[in-house]
Amino acid sequence: MYYSHPPPMLVNCSGCRTPLQLPPGAPSIRCAICKAVTHVMDPRAVPPPSPSQAPPPASAPAPSPYNHAPPGPPAHPHGRKRAVICGVSYRYSRHELKGCLNDAKCMRYLLINKFRFPEDSILMLTEEETDPYRIPYKNNIRMALFWLVQGCQPGDSLVFHYSGHGSRQRNYNGDEVDGYDETLCPLDFETQGMIVDDEINAAIVRPLPQGVKLHAFIDACHSGTVLDLPFLCRMGRSGQYMWEDHRPRSGVWKGTSGGEAISFSGCDDNQTSADTSALSKITSTGAMTFCFIQAIERGHGTTYGSILNSMRNAIKNAGGSGDIGGGAMTSLVTMLLTGGSALGGLRQEPQLTACQPFDVYTKPFSL
């Protein structure tokens, strides 16, 4: 396996000895299984304290986002479910989006009520949160991604949902087919910078071991390959498809460590995604998030191909006629407050990327 930069350092939990990924420069990390906090004086070398040693003084620990993340349910034979949901509205700025908070609430509702994710296994990052570590700042999103894969085991199901601005920037190392890196824009991107697809891949794709499944749902502009997964499903209007090989010519590995990673994104790398009320008719939402939830609720969620087709058709119909089928509302959207204004026709095509090609019409979808 090749890395463009050193992989995250592994330390053993001081309580249960589970290997944990230590983010660069972090002085401590909390175990998602036993909740013990492991302190590392020198992140480059020091082995974690053994259980026989006295724990560090409780008054001295440095703040760590892991101390504020939900631990998730205990491990069991069928695996655990864990999710990070990030909705960035950029309130009171010229970048403000109306639908991202709605998207985050809808996805949380869907995961809990449709896919049986325990409430305490979902980490929400929005501007409504009162915990400062759950505001969608760049460093908080980074820590949430580390938490998502921390201690994952065979049978685990992981979800990353992002609704907010996306962008792209020139790539200079030759590992992008189109010459651009795709990016996510945290709340503080103007001062702290964007999160680049290379970093997202290194954080939540490459560490995935055999038997672990990750699904990402990225509702943002230029998001087609924002996880840098090696293969993209290029689907035509008739539903026929073929897989495109996006593996870097440099040979840098962008796949997993044996696990499965699949991503739905709002549009192609050279397209933009809509924040609109043209779909729900009552409130602003991200077009991709709305159409994904609608596909699940209307019984089109049996396979990856049926979901992708349903999403693309809904957006195409909204772009052409301003309607998605008689004005029917999903139960998730009607629970939200009304607001927002309609935009013009939608010109985006949701995309599907994966670590390995598969038959999208026979592979069952499940979270």
Side-chain angles (χ1 to χ4, degrees), residues 1-3 7-8 19 21 32 72-73 75-85 107 110-111 114-117 121-123 144-162 182 197-218 223-235 241-248 252-265 288 292 295-296 301-309 311 350-367:
M1 182 179 299
Y2 299 92
Y3 290 89
Q21 289 188 26
H76 57 79
H78 301 291
R80 297 169 299 170
K81 294 175 181 278
R82 185 185 296 184
V84 168
I85 297 177
M107 281 298 295
L110 182 76
L111 292 181
K114 178 69 175 179
F115 295 104
R116 305 305 179 202
F117 276 62
S121 74
I122 300 176
L123 177 57
L145 295 180
F146 278 113
W147 170 82
L148 182 64
V149 301
Q150 173 190 320
C152 59
Q153 300 171 6
D156 288 358
S157 176
L158 314 178
V159 168
F160 173 47
H161 175 266
Y162 172 89
E182 287 66 49
D197 51 10
D198 297 308
E199 179 179 351
I200 300 170
N201 181 276
I204 62 174
V205 174
R206 279 184 274 174
L208 293 177
Q210 182 76 33
V212 176
K213 179 170 57 179
L214 167 73
H215 285 90
F217 304 91
I218 311 297
S223 55
T225 62
V226 75
L227 259 67
D228 256 2
L229 294 174
F231 297 93
L232 182 144
C233 178
R234 187 67 71 186
M235 182 172 286
Y241 73 92
M242 64 180 299
W243 287 95
E244 288 183 355
D245 190 342
H246 283 245
R247 287 176 291 185
V252 174
W253 177 243
K254 293 288 187 175
T256 69
S257 296
E260 184 175 26
I262 299 173
S263 176
F264 286 95
S265 52
M288 177 263 181
F292 169 74
I296 299 299
T302 53
T303 67
Y304 292 88
S306 64
I307 294 174
L308 189 59
N309 255 325
M311 293 167 61
Q351 302 294 327
L352 177 72
T353 57
C355 57
Q356 293 290 340
F358 57 87
D359 186 339
V360 301
Y361 290 116
T362 61
K363 185 177 177 66
F365 173 80
S366 65
L367 294 180

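By convention here, the first residue in the shown sequence is residue 1.
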Handout entry: side chain to side chain contact (heavy atoms under 4.5 Å, CB included) between Tyr162 and Val226, intermediate numbers included
Key = CA-CA 11 Å; Tyr162 172 89; Val226 75; over 6 Å; no
Mind listing the side-chain donor-acceptor pairs of residues 208-217 below 3.5 Å, one per line with the distance, residues two or more places apart or on another chain?
{"residue": "Lys213", "atom": "NZ", "partner": "Ser366", "partner atom": "O", "Å": "3.3"}
{"residue": "Lys213", "atom": "NZ", "partner": "Ser366", "partner atom": "OG", "Å": "3.0"}
{"residue": "His215", "atom": "NE2", "partner": "Tyr304", "partner atom": "OH", "Å": "2.7"}

Problem - Smallest separation among heavy atoms of His246 and Leu229, with atom names - result: CB-O, 4.2 Å
Problem - Shortest non-hydrogen contact from Cys355 toward Pro230 - result: CA-CD, 3.7 Å
Practice task
Sequence neighbours left out, what passes salt bridge (charged side-chain N to carboxylate O under 4.0 Å, His left out) with Lys363? Give chain and number order.
Solution key: Glu260
Flag, side chain of [X] to backbone of [Y], donor-acceptor distance under 3.5 Å:
{"X": "Arg82", "Y": "Gln150", "value": "yes"}
{"X": "Ser121", "Y": "Lys81", "value": "yes"}
{"X": "Asn201", "Y": "Lys254", "value": "yes"}
{"X": "Asp197", "Y": "Asp228", "value": "no"}
{"X": "Thr303", "Y": "Thr362", "value": "no"}
{"X": "Asp156", "Y": "Gln153", "value": "yes"}

Exercise for the section: Take Phe358 and Val360 through the side chain to side chain contact (heavy atoms under 4.5 Å, CB included) test and state the conclusion after the steps. Expected result: CA-CA 6 Å; Phe358 57 87; Val360 301; 3.8 Å; yes
Completion exercise
Which of Phe231, Tyr241, Trp243 passes side-chain contact (heavy atoms from CB on, under 4.5 Å) with Leu352? Answer is Trp243
Just how far is it from atom [atom1] of [X] to atom [atom2] of [Y], taken to the nearest 0.5 Å?
{"X": "Ile307", "Y": "Ile296", "atom1": "CD1", "atom2": "CD1", "result": "4.0 Å"}
{"X": "Thr256", "Y": "Gln356", "atom1": "OG1", "atom2": "CD", "result": "7.5 Å"}
{"X": "Ile262", "Y": "Phe365", "atom1": "CD1", "atom2": "CZ", "result": "8.5 Å"}
{"X": "Asp198", "Y": "Leu227", "atom1": "CG", "atom2": "CG", "result": "11.5 Å"}
{"X": "Ile204", "Y": "Leu145", "atom1": "CD1", "atom2": "CG", "result": "5.0 Å"}
{"X": "Asp245", "Y": "Leu232", "atom1": "CG", "atom2": "CG", "result": "10.5 Å"}

Handout entry: Heavy-atom side-chain contact between Phe160 and Ile218 under 4.5 Å
Key = yes
Exercise for the section: With the side chain counted from C-beta on, respond yes when Val159 and Phe115 share a heavy-atom pair under 4.5 Å apart, and no when they do not. Expected result: no
